[in-house]
Amino acid sequence: MSTLSDHPVPIRRWPAPRALLRLVKPWTWFPPMWAYLCGVVSVGTLSADWTLVALGVVLAGPVTCGMSQAANDWCDRHVDAINEPDRPIPSGNVPGRWGLWIALAMTVLSLAIGWQLGPWGFGATVLACAAAWAYSAEPLRAKRSPLWGPLLCGLAYESLPWITGAAILSAGAPQPLVLVVATLYGIGAYGIMVLNDFKSVTGDRALGLRSLPVVLGPARAARVACWAMTLPQIAVIVLLDLNGKLLHGTAIAALLAIQLLAMRVLLRDPLGRAQWYQGMGVLFFIAGMMVAATALRSIGV
């Protein structure tokens with residue numbers, strides 16, 4: 001079994017700037033930023049305080065999500081040494097304990113910005129920071145669980161930012177239908193997070209991390225992921241139809257139909273197509289989120 005010591009790394013005193021950017025993974029910032037905007041749209045008006053909107057988007061993406069990625073890379077440095085030894089920490093481009101210090105500093109920054117967003121914004125930031133560390137760090141390390149790890153991640157990426165955006169803009173608790181739809185999309189994101197685990201099956205298996213692809217095997221895990229993404233969207237369609245938003249429900253159904261076609265391709269080769277589906281099929285999932293948010297606003301919840 002390969003370990004950190006099997007991969008000679010350059011001795012550095014300071015992190016490489018490009019490695020720091022890779023550590024916080026800008027390509028992962030979009031989902032929580034998009035979910036926050038969905039929350040804004042679901043209750044928003046033209047008279048919204050756009051300073052709060054912009055600050056919330058920055059907090060959800062570059063700051064808090066970036067922090068969670070740095071924390072995850074630090075806690076996963078031994079797994080990454082097997083799966084991806086060129087990552088910033090195992091490669092030595094972020095040397096020593098720099099990864100840990102950066103994650104901790106960004107946690108403090110997240111809380112400081114969240115404080116500027118009032119009680120709801122600060123409370124949500126506390127939950128987001130707690131979820132990030134609970135997912136990656138011992139002793140909880142929720143990512144060891146094939147159920148709670150991806151579920152926690154999905155709720156933190158999609159539901160929490162959505163509810164936060166809605167709460168900040170409405171200066172109070174969002175209405176029940178907003179909470180339900182936001183939660184459904186967070187549950188649906190469980191499937192997206194399961195697909196994300198496909199790229200690290202070798203290291204997870206070697207180090208005893210019970211990701212769903214390790215526990216069930218790639219084929220069965222991919223089917224679970226597809227059902228997890230599909231059923232919550234069907235529930236959203238039904239809810240919108242029951243509230244008189246047939247056009248919006250039909251639009252989400254059409255987006256779901258495209259996803260189902262992509263899922264057929266995924267299921268033919270789960271290991272080979274998991275990342276392809278994340279880049280293609282997920283786009284229609286998040287497009288449906290904004291359609292649902294628009295419907296909620298027009299319902300007047």
**OP:** Answer yes or no: is there a donor N or O on one side and an acceptor on the other, between the side chain of Thr64 and the main chain of Leu59, under 3.5 Å?
**Re:** yes
Original post:
Quick one: do Trp120 and Trp50 end up in the same hydrophobic cluster if we chain Ile, Leu, Val, Met, Phe, Trp and Tyr together by side-chain heavy atoms under 4.5 Å apart?
Top reply: no
**OP:** Mind checking side chain to side chain donor-acceptor pair (under 3.5 Å) for Arg268 and listing every partner two or more places apart, or none if nothing turns up?
**Re:** none
**OP:** Taking all non-hydrogen atoms of both residues into account, name the closest pair between Pro62 and Met106 and its distance.
**Re:** O-CE, 3.5 Å
**OP:** Quick one: closest heavy-atom pair of Ala262 and Trp276, and the distance?
**Re:** O-CZ3, 3.6 Å
**OP:** Report the distance from atom CD1 of Ile89 to atom CD of Glu84, rounding to the nearest 0.5 Å.
**Re:** 12.5 Å
Subject >> Within one Ile-Leu-Val-Met-Phe-Trp-Tyr cluster: Met67 and Trp101, side-chain cutoff 4.5 Å >> reply: yes
Subject >> Within-4.5 Å side-chain heavy-atom neighbours: Arg210 and Ser145 >> reply: no
Taking only distance into account, with no hydrogens and no angle test, what donor-acceptor pairs under 3.5 Å do side-chain atoms of residues 122-136 form with protein atoms, sequence neighbours excluded?
unit_1, atom_1, unit_2, atom_2, d
Thr125, OG1, Gly121, O, 2.7
Trp133, NE1, Thr107, OG1, 3.1
Ser136, OG, Asn72, OD1, 3.0

Original post:
With side chains defined as the heavy atoms from C-beta onward, is the minimum distance between Leu109 and Ile113 less than 4.5 Å?
Top reply: yes
Going by atom type alone, with no hydrogens or angles, which donor-acceptor pairs under 3.5 Å involve a side-chain atom of residues 182-196 and a protein atom two or more places apart or on another chain?
unit_1, atom_1, unit_2, atom_2, d
Thr183, OG1, Leu179, O, 2.7
Tyr185, OH, Gly288, O, 3.2
Tyr190, OH, Pro146, O, 2.8
Asn196, OD1, Lys199, NZ, 3.0

**OP:** Would you mind reporting whether Val178 and Ile163 have side-chain heavy atoms less than 4.5 Å apart?
**Re:** no
**OP:** Hey, could you give me the CZ/CD distance between Phe198 and Gln275, rounded to the nearest 0.5 Å?
**Re:** 11.0 Å
**OP:** Output the distance between atom CG (Leu283) and atom CD (Gln259), rounded to the nearest 0.5 Å.
**Re:** 9.5 Å
Subject >> Within one Ile-Leu-Val-Met-Phe-Trp-Tyr cluster: Tyr157 and Leu37, side-chain cutoff 4.5 Å >> reply: no
**OP:** Following the transitive rule for hydrophobic clusters with a side-chain heavy-atom cut-off under 4.5 Å over Ile, Leu, Val, Met, Phe, Trp and Tyr, establish whether Tyr277 and Val265 coincide in one cluster.
**Re:** yes
Subject >> Trp74 backbone acceptor or donor facing Arg77 side chain under 3.5 Å >> reply: yes
Subject >> From CG (Leu20) to CD1 (Ile102), nearest 0.5 Å >> reply: 4.5 Å
Original post:
Which pair of heavy atoms, one from Thr230 and one from Cys226, lies closest together, and at what distance?
Top reply: OG1-O, 2.8 Å
Original post:
Going by the salt bridge (charged side-chain N to carboxylate O under 4.0 Å, His left out) test, which pairs reach into residues 223-248, not counting sequence neighbours?
Top reply: none
**OP:** Evaluate the criterion side-chain contact (heavy atoms from CB on, under 4.5 Å) for residue pair Val63 and Val58; output intermediate values, then yes/no.
**Re:** CA-CA 6 Å; Val63 182; Val58 171; 4.1 Å; yes
Subject >> Heavy-atom pair of closest approach, residues Cys65 and Thr28 >> reply: SG-O, 3.3 Å
Subject >> Euclidean distance, Leu52 CG relative to Ile168 CD1, rounded to 0.5 Å >> reply: 6.5 Å
**OP:** Find out whether Lys143 and Asp76 are in side-chain contact, i.e. whether some heavy atom of one side chain is under 4.5 Å from a heavy atom of the other.
**Re:** yes
**OP:** Taking Ser91 for its side chain and Pro88 for its backbone only, find out whether a donor-acceptor pair lies under 3.5 Å.
**Re:** yes
Original post:
What pair of heavy atoms forms the shortest contact from Gly39 to Ser42, and how long is it?
Top reply: O-OG, 2.7 Å
Original post:
What pair of heavy atoms forms the shortest contact from Val24 to Trp29, and how long is it?
Top reply: O-NE1, 2.8 Å
**OP:** For the residue pair Ile286 and Pro31, establish whether any side-chain heavy-atom pair is separated by less than 4.5 Å.
**Re:** no
Original post:
Who are the side chain to side chain donor-acceptor pair (under 3.5 Å) partners of Arg144, not counting sequence neighbours?
Top reply: Glu138
Original post:
When rounded to the nearest 0.5 angstrom, what distance separates CG in Leu239 from CD1 in Ile234?
Top reply: 12.5 Å
Original post:
Trp98 side chain to Trp14 main-chain N or O, any donor-acceptor pair under 3.5 Å?
Top reply: no
Subject >> Leu255-Leu247 co-clustered via ILVMFWY side chain contacts under 4.5 Å >> reply: no
Subject >> Close side-chain approach of Pro15 and Asn93, heavy atoms under 4.5 Å >> reply: no
**OP:** Could you please spell out the steps behind the side-chain contact (heavy atoms from CB on, under 4.5 Å) verdict for Ser298 and His248?
**Re:** CA-CA 10 Å; Ser298 60; His248 294 83; 4.2 Å; yes
Original post:
Quick one: salt bridge (charged side-chain N to carboxylate O under 4.0 Å, His left out) pairs with a partner in residues 20-31, sequence neighbours left out?
Top reply: Arg22-Asp86, Lys25-Asp73
